[in-house]
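Convention: sequence-line order gives letters A, B, ...; per-chain numbering from 1. Below, all heavy atoms of this structure are taken into account, side chains as well, without hydrogens, waters or symmetry copies. This one's a predicted model, so the numbers in the text were calculated from it and none came from an experiment.
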Amino acid sequence: MSQPFRLNKEGLINRNKKISFTFNGKKLFGYEGDTIASALIANGIHLVGRSFKYHRPRGFFGAGVEEPNAKLQIEFNGHSEPNVNATEMELVEGLSATSQNCWPSVNFDIGAINNFLKMFFPAGFYYKTFMWPKSFWYKIYEPFIRKAAGLGVASIEKDKERYEHKFEYCDLLVTGSGPSGLASAYAAAKNGAKVILAEDKPRFGGTLLTDDVSIDNLSGKDWAEKIISELKSMPNVTVKNRSQVFGYYDHNMLVMFERVSDHLEKKSKFTPRQRLWYIRAKETILSTGSIERPIVFGNNDTPGIFLSAAAKEYMKVYGVLVGKKPLIFTNNDSAYETALEFKKNNVEPIILDTREEHSSELIDEAKSKGIDIRFSHGVIVANGYKKVKSAKIGKLNKDKNSFEKIETVDCDCICVSGFWTPSVHLASQSGNKLKYEEKIDAFIPDKKKQHETSVGAANGSFTLEESLKNGFENGSNLSAKITETKTEIAIPNVNEKKYGAHDKFWCMPLPKNENPKRFVDFQNDVSVSDIEIALREGYRSIEHVKRYTTLGMATDQGRTSNLNGLQLVSNIENKIVPEVGHTTFRPPFTPITIGTIVGREVGMEYMPTRKTPMHEWHEKNNAVFVDAGAWKRPRYYKQGSETLFEASKREAKNVRENVGICDVTTLGKIDIKGPDAAEFLNRVYTNAWMKLPVGKARYGLMLREDGIVMDDGTTTRISENHYHMTTTTAQAANVLSHLEYYLQIVWPELNVNVVSTTEQWAGAAIAGPKSRDMLSKLYPDLDVSNEALPFMGYKEAEFFGVPSRIFRISFSGELAYEINVKSDHGMFMWEKMMEVGKEFGNQPYGTEALSTLRIEMGHVAGPELDGRTIPSDVSLNGLISKKKDFIGKNSLGREAFNVESRQKIVGLIPIDRKSSIPEGSHIVQDQNAKLPNPKLGHVSSSCWSVENNNPFSLAIMKDGKNMIGKKFFAVSPLKNKSIEVEVISSHYVDPEGKRVRS
Amino acid sequence: MLYIKCPYCGLRAQKEFSYGGDATIKRPNINEEVSSEDWDNFVYMRKSPRGKHIELWQHIAGCRQWIKVQRDTATHEIFQTAKVTEEIR
């Protein structure tokens with residue numbers, strides 16, 4: 001089990017702890033502290049995936065978030081997760097990784113035939129090839145593309161892990177723990193500010209871990225450790241690794257993704273897998289660093305080609321060589337550090353530098369170590385299919401567009417550096433308009449938009465000295481403004497190597513008659529020729545070029561490709577880069593799991609569950625519940641093997657014949673108090689309220705200002721200046737806001753207060769011809785006769801020793817009462833009612849029977865008051881007062897509301913008296929008419945009339961009242977039913993309303 | 001997510017509020033004659049400005065007060081918040 005590419009001692013991994021894992025079924029091992037990528041490279045494995053479009057072999061390119069290729073399907077802890085970045089995922093025992101987008105295997109992938117058919121897959125091929133014939137898209141092209149393209153496979157198993165959300169507030173949020181981030185956090189912490197320092201990687205320090213520098217005579221790594229341990233000891237500082245700030249939203253809200261436990265072998269069941277932090281920061285330091293960009297050349301996607309800084313990171317952090325015969329291809333000095341690192345590990349690199357021969361601190365050092373440096377040189381094309389074997393290199397002429405000499409050199413890896421691109425994603429998301437900095441050929445943040453301050457490499461300063469100074473100053477100044485304390489900090493002595501100027505060279509020309517693919521965007525397989533085609537076909541805006549070619553659109557968001565793409569466009573268009581502009585940066589910076597976004601809001605925790613005080617009784621008595629908003633309401637009480645239909649019929653019939661009780665706690669209840677309460681109700685409701693006596697209830701109708709019915713319910717005058725309003729269950733919250741709006745904004749002169757009392761009262765309806773008999777047993781000392789407690793009457797009385805309110809109101813159309821007691825007494829009331837009601841044949845009834853009872857009576861509810869109906873549509877124009885003004889009254893005069901043929905409520909019965917009519921059915925004249933068949937109305941509510949023993953429905957129908965007696969069809973394409981119906985009155989049972997008054 | 005300063009409760013997350021539209025619209029007085037045009041303007045016509053906009057929000061998960069918020073509809077910048085009885089200018 002030797003690891004051929006593992007160095008003997010370099011690196012920050014724990015060599016005492018071996019970790020075994022599998023890759024494509026092969027058992028391998030790495031060390032604690034490895035990523036999947038470093039462990040695979042140590043084992044000499046480079047071919048890990050196939051590219052998106054051409055299925056070309058792909059290997060690792062970077063060592064962190066910049067990685068465009070190495071996305072694997074990972075299985076561990078019972079998860080299967082697609083598109084995991086192998087360069088970021090830490091190795092854990094028993095992890096299994098497999099390659100994506102290849103079949104039958106990554107070594108032999110049939111899809112690679114696309115690579116030889118590439119002339120048929122130019123930019124925009126989706127739009128061109130699959131347009132015709134139209135019918136082929138759905139049946140042939142789309143399923144084919146779905147199968148051929150795509151990355152990993154999402155799991156269909158339920159995610160058993162725990163995810164959390166956390167809200168946090170701080171003075172200063174620092175995103176990134178490189179030199180400038182550490183300096184900022186340190187200075188702010190010393191000023192007493194509440195600081196959060198977030199680092200995406202497991203290790204703090206950023207480039208300090210890999211750069212050959214010293215600070216106050218400590219190595220970069222040691223200095224970082226010292227600062228971090230000091231920060232961790234301060235109570236005002238939160239230090240987080242494995243935590244990426246991925247989004248910058250409005251009002252300085254930043255969102256951070258913390259990988260809490262994926263790297264742990266064992267964890268408690270309460271430890272979340274990942275955590276989403278919503279951080280409201282007063283100030284934000286963006287110390288996100290920079291990402292190296294490549295130089296474009298032929299077959300530059302071959303496995304074994306790395307960014308030069310990544311190659312250095314593999315050596316210094318993981319003790320891993322990316323190759324033993326490296327070719328370094330650069331336009332700047334930073335790659336020399338990689339070359340020197342190879343040399344230190346006894347590997348002989350060749351440096352190809354596009355610049356003409358010159359001298360700098362690093363070049364001189366490389367020369368003195370005897371490294372083979374070839375100036376004015378570059379890689380033309382990499383040879384080798386699944387791994388780099390050699391490279392055709394060229395000596396450039398002065399014009400840098402032609403070659404003086406071309407030769408082939410052997411190599412097993414190519415480390416490329418095309419200079420550095422500041423990571424400006426968060427700054428851009430904050431609204432910052434970026435500006436182009438000629439000196440570094442990249443965009444940096446411009447004037448502040450929110451409270452974001454970019455420091456260090458993220459702001460385009462690439463020296464350690466500058467970054468530290470920048471960090472200390474900004475961290476100190478920003479926090480001092482908040483804490484009003486300023487602690488002086490001595491800026492440390494820095495020892496670093498000076499870099500010479502970089503070469504503005506980003507794409508290697510090709511010799512005549514050679515045409516290898518030169519990729520700009522690896523993850524989406526966008527090559528130089530694709531961008532040329534897009535421009536040739538007339539796409540000019542960079543946003544259009546992006547969408548047409550998919551440049552920069554993949555999960556890596558073009559981290560290594562954007563600027564090279566822009567350079568290419570600007571060259572062809574003969575514009576300068578700032579004129580071409582850049583595409584928009586959007587959160588998230590890197591992909592995050594859906595589980596994290598969802599957090600704990602799954603299953604039972606998805607929304608609160610509201611239960612009435614009688615819920616437990618319903619449960620014990622076989623209630624089948626239905627959701628009414630957040631409430632759980634009994635739909636029916638199942639007896640034996642009853643179906644919903646049978647049970648609801650039994651319950652409704654019992655109400656019509658004997659007596660039933662129904663839990664109506666969920667109705668909205670609003671307490672209204674104040675000397676102007678009557679006047680207020682008079683304005684809110686369409687009917688008159690000034691003369692309602694104390695101890696009486698009234699049915700009221702509420703409109704919106706546009707004349708549409710908003711809600712209905714009864715309101716009772718409890719005392720002179722005190723009313724009790726009820727609303728429908730669904731509209732309770734809206735009605736309260738509506739009342740508050742008018743009291744606070746429109747009529748503040750009215751002395752009225754409103755408050756919700758829905759939760760304070762438990763309610764039960766007693767309905768049926770025997771309800772008065774039952775009531776008299778419940779209140780033996782109270783006169784409950786029709787004279788003493790008439791329809792719409794109200795009384796307060798003791799219910800077996802507890803205070804209660806009795807309302808004589810009815811929703812079922814039967815003689816009925818509603819009793820309210822304090823919530824705590826709800827169960828007591830219910831159980832007493834069940835006990836006392838026995839002799840009258842009392843049975844509880846659920847919402848299904850409740851609906852049946854109100855539908856056959858023609859009482860409207862939610863399905864009729866659907867936000868489209870005015871009072872006269874639903875036969876409630878009797879409630880419209882002509883004498884007074886009220887909310888929405890002026891709208892009722894609108895012409896369209898008053899045409900004769902306007903929709904009206906009607907009743908429907910099937911001609912066969914047997915077939916029930918599906919709710920939502922359309923009413924049409926001719927069921928066989930050609931489509932679109934003119935719709936005359938729709939079925940709003942349906943039931944089985946227990947009174948008449950046949951189906952009955954309510955419908956809203958054009959010119960409804962004049963249609964009574966005529967026959968139509970109710971068609972439901974959804975249920976594939978068409979039923980011949982007759983239009984009748986909506987009041988099917990007791991149209992005169994005798995029973996409620998009996 | 002916006003950070004809204006409720007004049008009664010202080011800075012609170014947007015989650016606690018619900019939006020209530022243009023705050024400069026005045027309802028015609030109750031019990032007074034109003035032309036159809038004025039009424040239609042009140043019910044239906046709203047400007048949709050790009051830039052500063054005075055709007056109503058209700059602190060539903062807090063003090064339940066309706067408040068005025070002057071906000072830039074393009075950048076979401078909030079310039080001022082006030083009680084509904086106060087003027088924003």
Side-chain angles (χ1 to χ4, degrees), chain A residues 165 167 169 247-255 278-282 430-433 449-451 679-680 682-684 703-708 733-734 736-750 753-756 881 883-895, chain B residues 1-5 7-8 10-45 55-61 63-69 71-78 82-86:
Chain A
H165 287 182
F167 292 79
Y169 297 80
Y248 201 134
Y249 298 88
D250 291 311
H251 297 184
N252 248 33
M253 161 72 82
L254 290 101
V255 183
Y278 293 92
I279 303 172
R280 190 79 70 172
K282 287 189 185 136
S430 80
N432 194 307
K433 300 274 174 237
K449 189 74 192 174
Q450 297 194 34
H451 288 272
E679 171 63 26
F680 180 54
N682 210 40
R683 295 178 185 189
V684 166
L703 306 187
R704 311 191 308 216
E705 291 285 18
D706 62 1
I708 301 289
N734 289 346
L736 184 64
S737 271
H738 177 77
L739 300 182
E740 286 164 337
Y741 172 87
Y742 283 94
L743 286 174
Q744 292 174 26
I745 297 171
V746 185
W747 305 310
E749 68 278 9
L750 293 183
N753 275 298
V754 293
V755 67
S756 165
S881 166
K883 292 187 195 131
K884 57 139 197 176
D885 197 4
F886 53 84
I887 292 169
K889 183 174 191 181
N890 283 308
S891 292
L892 294 178
R894 290 178 62 209
E895 201 180 319
Chain B
M1 206 194 334
L2 308 187
Y3 207 27
I4 301 172
K5 189 176 179 181
Y8 302 92
L11 278 165
R12 297 301 178 97
Q14 184 187 337
K15 265 190 166 184
E16 296 185 11
F17 295 85
S18 75
Y19 182 70
D22 191 338
T24 62
I25 299 291
K26 266 203 95 62
R27 190 192 189 278
N29 286 339
I30 194 114
N31 295 320
E32 269 178 33
E33 223 18 57
V34 53
S35 71
S36 299
E37 202 189 335
D38 286 351
W39 182 256
D40 287 350
N41 283 340
F42 157 66
V43 176
Y44 297 105
M45 304 306 278
E55 53 204 24
L56 291 170
W57 288 75
Q58 190 185 14
H59 195 187
I60 45 162
C63 62
R64 295 207 61 91
Q65 293 300 305
W66 286 89
I67 62 168
K68 281 183 188 167
V69 176
R71 182 181 66 104
D72 189 307
T73 56
T75 65
H76 295 315
E77 185 180 350
I78 290 176
K83 299 175 181 177
V84 283
T85 48
E86 295 168 350

Pairing residues for Y278(A) by the ring-ring contact (aromatic ring centres under 6.0 Å, His included) criterion, not counting sequence neighbours = H165(A), F167(A)
ask   = Which residues satisfy the ring-ring contact (aromatic ring centres under 6.0 Å, His included) test with H451(A), sequence neighbours excluded?
value = none
request  = Measure the CZ-CD1 distance between R27(B) and I887(A) for me, rounded to the nearest 0.5 Å.
outcome  = 6.0 Å
message = What part of I78(B) gets within 4.5 angstrom of chain A, counting heavy atoms only: side chain, backbone, both, or neither?
response = both
query = Between D250(A) and Y3(B), is any pair of side-chain heavy atoms under 4.5 Å apart?
reply = no
message = Please rank K884(A), K889(A), R704(A), E740(A) by heavy-atom pairs under 4.5 Å with chain B and give me the top one.
response = E740(A)
request  = Working to the nearest 0.5 Å, report the span between CE of M1(B) and NE2 of H251(A).
outcome  = 11.5 Å
key: Derivation and outcome, side-chain contact (heavy atoms from CB on, under 4.5 Å), residues L2(B) and M253(A)   = CA-CA 8 Å; L2(B) 308 187; M253(A) 161 72 82; over 6 Å; no
ask   = Counting distance only, does the side-chain N/O of Q744(A) pair as donor-acceptor with the main-chain N or O of W66(B) below 3.5 Å?
value = yes
query = How close do I30(B) and W747(A) get, heavy atom to heavy atom, and via which atoms?
reply = CD1-CZ2, 3.6 Å
ask   = From N31(B) CG over to F886(A) CZ, what is the distance, rounded to the nearest 0.5 angstrom?
value = 11.0 Å
message = Looking only at heavy atoms and a cut-off of under 4.5 Å, which of I745(A), N252(A), V746(A) has the most pairs with chain B?
response = I745(A)
task = Could you tell me whether the side chain of F42(B) reaches within less than 4.5 Å of the side chain of N890(A), counting heavy atoms only?
result = no
key: Heavy-atom contact with chain A under 4.5 Å, split by part of E77(B)   = backbone
ask   = Any chance CD of E33(B) has more than 12 other-residue heavy atoms, nucleotides or ligands included, within less than 6.0 Å?
value = no
ask   = Which pair of non-hydrogen atoms, one from Q58(B) and one from S737(A), has the smallest distance, and what is that distance?
value = OE1-OG, 2.6 Å
query = Closest heavy-atom contact between G888(A) and W39(B)?
reply = CA-CZ2, 4.4 Å
